There are 2 protein chains.
Amino acid sequence: MTDALSPVFAALADPTRRAILSMLLEDDMAVTDVAEPFQMSLAAISKHLQVLADAHLITREKRGRVIWCKLEPDAFRAASVWMQGFGQFEPVDLDAFERFLETELTDPPED
Amino acid sequence: MTDALSPVFAALADPTRRAILSMLLEDDMAVTDVAEPFQMSLAAISKHLQVLADAHLITREKRGRVIWCKLEPDAFRAASVWMQGFGQFEPVDLDAFERFLETELTDPPED
DNA sequence: CCGATCGTCAACCGTTTGGTTGAATATGCC
DNA sequence: GGCATATTCAACCAAACGGTTGACGATCGG
C-alpha cells in the first residue's frame, strides 16, 4: 500500500486514537502519561501510538527513559485537503471556514 | 459504537471506497456502473457501498431496477471540521484555503 | 550494583474486514 | 409468462485489528 491516505484515515477511525490526538493537541506527552486515563494496558496504548506514528500523525522522541509524543500536523493537512474536495460544492462550509478565519485572527492561540 | 466519526474515517480508509467517492463527485451513478472500472465482483462493490452508506457518506435511492448512489456532503463536513482543529495552529493551510476560495469565486462550478 | 520505572516485543485470542462464489429477489422488456 | 438485468444475501475464507499477558532491554536513582 504505497498510498499515504489510507493509513491516516485508518488511524483516525479508532476513538481511542482520536482521544490520544486530542490530548496531544494540548501538549506533548510521555507514553505512560498518554496511557493513564485509559482503561487498557500500556502495551495497547503503545500499539495505538505505533499506528499513529506509522500514519505520520505523531512523532516519538526518546529523551532518557521517557519517549515524548508530539502531533505532526502535516498528515492532518493532506487528509483534510482531500476531504475538502467533497465539501466544496456546498457553500455552507465556506461560511464556516470564514468564521473560523475571523476567530483565528481576532483570537490567536497563545504560545 | 454510538460515535459518528469512527465509521466515517473507517469508510475513508479504503482506497477502493475513496475511488468510488471520487467517481460520485462527478455525478450520481448506478451500482453496476460504479462497479465497472474495478477488478472485483459486483457483490464486493455492493458491500463497499453499504459501508459508505452506513457512514452516511452516500445515500442510495432505488428507481425501478436501478439503485442510484449519491454523495452526502454532511458527513464529510463533520469529519473535516474535526480534522481542522489539528491543522489550525499551522498557518500554511490558511493560505491554501484562501487560494481555494479565490479559485472557487472566480471559477464557480456550473450547475 | 540494585531495584524501580519506562516502553516495547512476542505470542496468543476473539472479532472485524475485504474478498470470493452461488443462490435469491426485484424489476423491465417482449 | 418468461427471460435478461440489477442488486443483494448467505456462507465461507484469509488476513488484519484491538486487546491481553508475560518477558525483555534501557535508563534513572540511591
Side-chain angles (χ1 to χ4, degrees), chain A residues 1-24 27-72, chain B residues 1-24 27-72:
Chain A
M1 199 192 308
T2 57
D3 143 46
L5 233 38
S6 295
V8 172
F9 284 127
L12 296 179
D14 187 280
T16 300
R17 286 192 292 259
R18 289 201 307 280
I20 291 174
L21 292 172
S22 294
M23 292 164 58
L24 292 178
D27 209 348
D28 299 357
M29 293 180 77
V31 173
T32 307
D33 295 335
V34 169
E36 196 269 333
F38 295 99
Q39 311 261 54
M40 75 180 71
S41 68
L42 181 61
I45 296 294
S46 179
K47 283 209 230 173
H48 279 306
L49 291 171
Q50 183 64 54
V51 172
L52 291 170
D54 288 347
H56 303 109
L57 288 163
I58 66 167
T59 51
R60 280 121 98 218
E61 187 190 348
K62 183 163 183 173
R63 283 209 292 276
R65 268 191 304 190
V66 174
I67 292 183
W68 293 91
C69 305
K70 166 164 154 293
L71 273 187
E72 210 57 44
Chain B
M1 199 191 310
T2 57
D3 143 43
L5 232 39
S6 295
V8 172
F9 284 127
L12 295 180
D14 186 280
T16 301
R17 287 193 291 261
R18 287 200 309 279
I20 291 173
L21 292 171
S22 294
M23 292 164 58
L24 292 177
D27 209 348
D28 298 357
M29 293 180 78
V31 174
T32 307
D33 295 333
V34 168
E36 196 268 333
F38 295 99
Q39 310 260 53
M40 76 181 70
S41 69
L42 181 61
I45 296 294
S46 179
K47 284 209 230 170
H48 279 305
L49 291 170
Q50 184 63 53
V51 172
L52 291 170
D54 288 347
H56 303 110
L57 288 163
I58 67 167
T59 51
R60 279 119 98 218
E61 187 190 347
K62 183 163 184 172
R63 282 208 295 274
R65 270 190 302 189
V66 173
I67 293 183
W68 292 91
C69 304
K70 168 166 155 294
L71 273 188
E72 210 59 42

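Per chain, numbering begins at 1; letters A, B, ... match sequence-line order. Computed from a predicted model, the values in this text were never measured in an experiment.
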### Summary
Between the SG atom in A/C69 and the CZ atom in A/R60, the distance rounded to the nearest 0.5 Å is 6.5 Å
### Message
Can you measure A/E61 atom CD to C/dT8 atom P for me and round it to whole angstrom units?
### Response
14 Å
### Summary
Sorted by chain and residue number, the salt bridge (charged side-chain N to carboxylate O under 4.0 Å, His left out) partners of A/K70 (sequence neighbours excluded) come out as A/E72
### Message
Applying a 4.0 Å non-hydrogen cut-off, can you work out what A/A43 is touching in the nucleic acid: base, sugar-phosphate, or nothing?
### Response
base
### Task
Answer whether the closest heavy-atom distance between the side chains of B/T16 and B/M40 falls below 4.5 Å.
yes
### Query
Does the side chain of B/S46 get closer than 4.0 angstrom to OP1 or OP2 of D/dT7 through an N or O atom?
no
### Euclidean distance, atom CG of residue A/L52 to atom C1' of D/dC17 [Å, nearest integer]
14 Å
### Query
Atom CD1 of A/I58 to atom C1' of C/dG7: distance rounded to whole Å?
13 Å
### Query
Between D/dT8 atom P and B/L49 atom CG, what is the distance in whole Å?
7 Å
### Query
Does the side chain of A/L12 reach to within under 4.5 Å of the side chain of A/L57, using non-hydrogen atoms?
yes
### Message
Counting the atoms with a prime plus P, OP1 and OP2 as sugar-phosphate, which does A/R63 contact under 4.0 Å by heavy atoms, base, sugar-phosphate, or nothing?
### Response
nothing
### Task
Output the single nucleotide from D/dT20, D/dT8, D/dG18 whose closest atom is nearest the side chain of B/L42.
D/dT8
### Euclidean distance, atom CG of residue A/L12 to atom P of D/dC17 [Å, nearest integer]
14 Å
### Task
Kindly state which residues belonging to residues 27-39 of chain B come within less than 4.0 angstrom of DNA chain C, counting heavy atoms of the residue only, listed by number.
none
### Message
What is the separation between atom CD1 on B/I45 and atom C1' on D/dT8, rounded to the nearest whole Å?
### Response
14 Å
### Summary
Of the listed D/dA11, C/dA4, C/dT8, the closest approach to the B/K47 side chain comes from D/dA11
### Query
Whole Å only: how far is the CZ atom of B/R18 from the C1' atom of C/dG18?
15 Å
### Message
At 4.0 Å (heavy atoms only), tell me whether B/K62 reaches a base, stays on the sugar-phosphate, or touches nothing.
### Response
sugar-phosphate
#### Entry: Residue list, salt bridge (charged side-chain N to carboxylate O under 4.0 Å, His left out) with B/R17, at least two apart or on another chain
none
### Query
Among the nucleotides D/dA4, D/dC28, C/dG19, which one has an atom lying closest to any side-chain atom of B/R65?
D/dA4
### Query
With respect to the side chain of A/S41, which nucleotide from D/dT20, C/dG18, D/dT8 is positioned closest?
D/dT20
### Query
Whole Å only: how far is the CD1 atom of A/I20 from the P atom of C/dG7?
13 Å
### B/I58 vs B/L21 side-chain heavy atoms within contact, under 4.5 Å
yes
### Task
Report which part of the nucleic acid B/I67 touches: base, sugar-phosphate, or nothing (heavy-atom distance under 4.0 Å, all strands).
sugar-phosphate
### Task
Look at the side chain of B/V66 and decide which nucleotide, out of C/dT5, D/dG19, D/dA6, has an atom nearest to it.
D/dA6
### Query
Taking the side chain from A/S6 and the backbone from B/A13, do they hold a donor-acceptor pair closer than 3.5 Å?
yes
### Query
Which nucleotide in the set D/dT20, D/dG18, C/dG19 lies at the smallest distance from any side-chain heavy atom of B/T16?
C/dG19
### Query
Does some side-chain heavy atom of B/F38 sit less than 4.5 Å from a side-chain heavy atom of B/H48?
no
